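Below you'll find the structure, written out as structure tokens, and then a few comments.
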Amino acid sequence: MIAFRKALLTFATASLLTCGAREPQFQPPGQELYRPQFHFTPAQNWMNDPNGLVFFDGEYHLFYQYNPFGIRWGHMSWGHAVSRDLVHWEHLPVAIPEKDGVMIFSGSVVVDWKNSSGFGRAGVPPLVALYTGHRERERIQTQDVAYSTDNGRTWKQYEKNPVLDRGLADFRDPKVFWYEPGPYWVMVLALPPERKVSFYSSRDLKQWDHLSDFGPAGAAESIWEVPDLFELPIEGEPGHTKWVLTVSVGADGREAGSACQYFVGHFDGRGFAVENDGTTSGATREVPTRWVDYGRDFYAAISFSDIPRQDGRRIWLGWMNNWQYGQDLPTEPWRGAQSLPRELKLKRLQGRVHLLQKPVQELTKLREQHFRLPETTFEGILSLQKQGIVGKALEIQAEFEPGTASEFGLKLCVGKGEETLVGFDAKQGIVFVDRTRSGRSDFHPRFAGRHTGPLAMQGGRVHLHVFVDWSSVEVFAGEGETVLTDLIFPSPESQGLELFTTGGSAKLASLEVWELRSLWTGAAP
Ligand code: FRU
């Protein structure tokens with residue numbers, strides 16, 4: 001609450017100083033209805049996929065699909081922000097603008113340490129962006145290159161673009177990484193209508209040779225977009241690694257809209273094969289679908305390139321939205337947010353290698369006031385308001401033991417006729433977010449609803465790690481094997497926090513709640 005007031009003051013003053021009189025209908029940036037306080041959002045206009053995530057020279061770069069001219073998708077360009085801690089972001093000017101009828105679609109950035117491309121300057125490795133050029137006139141999508149030798153502040157497009165053109169209308173979203181055993185660069189990109197990804201190799205980031213294709217597999221009822229591919233160690237199994245291929249699946253024809261799936265398997269430098277618990281299978285539809293996130297609002301996620309080996313983490317983030325209703329969200333003057341950065345791991349659980357996601361540890365910097373509740377058995381509603389625990393920018397760690405209750409969990413953003421449920425259904429073994437009464441949902445018939453993911457209890461307990469940020473809920477359940485990300489649009493007064501059970505009692509083993517600081521306060525990191 002203190003941060004809240006400080007933010008209001010800082011921005012009221014800042015806007016008076018810099019903008020003169022503001023249009024009365026607008027709130028100061030950061031205080032608008034529904035504005036996320038610690039998730040990345042552009043000050044104004046439309047944003048979708050994260051692009052070109054890369055770490056270089058002490059900075060994490062976040063580029064993103066951006067419309068500099070409006071609050072709906074269009075004129076796609078790469079917006080840009082940098083951070084030294086993955087928490088505080090500095091907004092920078094548009095990095096690569098739409099030009100001559102070519103929109104700058106999604107793609108990636110690598111540090112070309114050995115200057116294989118020749119774009120570098122003496123002693124300065126270039127940052128090289130590989131992105132999709134969406135060529136309106138020719139009605140094709142090609143892969144294009146741009147490079148920077150000043151820490152990503154200015155970009156030059158390669159004069160011989162495109163570097164990869166197959167004359168296809170849909171061929172996009174290149175993610176590039178250095179494959180040391182090659183040694184060569186590998187690019188994975190999507191053939192959307194075919195529900196395939198394609199692998200290419202290159203020694204100089206300019207000439208690309210086809211290696212193989214993968215798919216359709218898993219969820220293939222809608223187009224495939226924005227793939228990523230990386231190798232991860234398996235926790236607790238020293239010396240063992242597996243490759244993870246992630247693919248976003250489009251909204252058309254899917255009741256749940258767009259979502260992100262993953263495959264665990266092996267990449268041998270030429271192609272990817274799914275390994276289903278020991279058995280290797282090719283590209284078949286028989287491969288069961290594994291969702292990265294069981295909520296409705298996590299899409300087009302890609303991971304950071306070039307995080308130093310000493311750090312060793314694989315970190316990614318996704319667009320917190322869904323193509324089904326993304327353009328109708330009731331926010332202004334911006335539309336679109338990125339998820340929290342998440343660390344990725346692999347771990348065998350119940351005999352199967354799972355992708356685990358955990359919010360990056362740097363986010364603990366945002367913690368302000370802290371509340372703790374002692375162990376307690378409860379039934380029905382337990383309101384935390386009396387203990388002063390309220391808010392709409394919160395982090396919650398809760399551990400439950402089921403008793404006789406059929407369902408139990410947390411009610412967030414509780415207010416007049418409004419609540420968002422994060423709970424566990426003990427009989428079915430599922431964790432859920434219910435946003436049927438979360439607030440505004442009139443902008444799209446499919447928005448309201450209850451979303452579920454499977455969760456096996458560990459040691460007889462259910463662990464929920466939850467982030468609430470004005471208009472979103474991210475739930476990391478168990479060890480992060482089941483994650484749900486959902487947007488919500490409660491009224492600003494709905495800030496209550498409650499525990500609930502239905503059909504019996506449950507035990508709260510532990511509860512910790514932190515108020516989280518706003519990034520809009522202007523406070524130095
Ligand atoms: C995914 C996507 C990408 C494309 C970009 C265009 O959300 O459709 O496939 O490159 O958005 O903005």
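All heavy atoms count here, side chains included; hydrogens, waters and symmetry mates do not. These numbers come from a predicted model, not from an experiment. We count ligands from 1, going down the list as the structure has it; atoms in each ligand are counted the same way.
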(message) Looking at Lys242 and Glu231, is any side-chain nitrogen of the basic one under 4.0 Å from a carboxylate oxygen of the acidic one?
(response)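 Salt bridge between Glu231 and Lys242, a charged N being under 4.0 Å from a carboxylate O: no.
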(request) Consider ligand 1: state whether an atom of it lies below 4.0 angstrom from any non-hydrogen atom of Trp319. (result) no
(request) Below 4.0 angstrom from a heavy atom of Tyr299, which ligand 1 atoms are there? Numbered from 1 as shown, please. (result)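 In order of number, 1 (C), 7 (O).
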(message) Give the atom numbers and elements of ligand 1 that come within less than 4.0 Å of a heavy atom of Ser106.
(response)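 Within the 4.0 Å cut-off of Ser106, ligand 1 contributes 5 (C), 10 (O).
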(request) Decide whether a cation-pi geometry holds between Arg342 and Trp316; the criteria are a distance under 6.0 Å from NZ or CZ to the six-membered ring centre and an angle within 45° of the ring axis. (result)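 Checked: cation-pi criterion not met.
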(request) Measure from NZ or CZ of Arg290 to the centre of the six-membered ring of Phe263 and say whether it is under 6.0 Å with the direction within 45° of the ring axis. (result)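 No, Arg290 does not lie over the aromatic ring of Phe263.
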(message) How far is atom 7 (O) of ligand 1 from the closest protein heavy atom, and which atom is that?
(response) Asp49 OD1, 2.7 Å
(message) Measuring from atom 8 (O) of ligand 1, which candidate in Glu225, Gln65, His134 has the nearest non-hydrogen atom?
(response)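 Shortest heavy-atom distance from atom 8 (O) of ligand 1: Glu225.
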(message) Considering Thr132, Asn321, Asp173 one by one, which has a heavy atom nearer to atom 3 (C) of ligand 1 than any of the others?
(response)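 Nearest heavy atom to atom 3 (C) of ligand 1 lies in Asp173.
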(request) Could you check whether the rings of Trp243 and Phe177 sit parallel, tilted or perpendicular, using 30° and 60° as the cut-offs? (result)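 The rings of Trp243 and Phe177 sit tilted, inter-plane angle from 30° to 60°.
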(request) Tell me whether the centres of the aromatic rings in Trp73 and Trp319 are closer together than 6.0 Å. (result)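 Here the rings of Trp319 and Trp73 have centres that are no less than 6.0 Å from each other.
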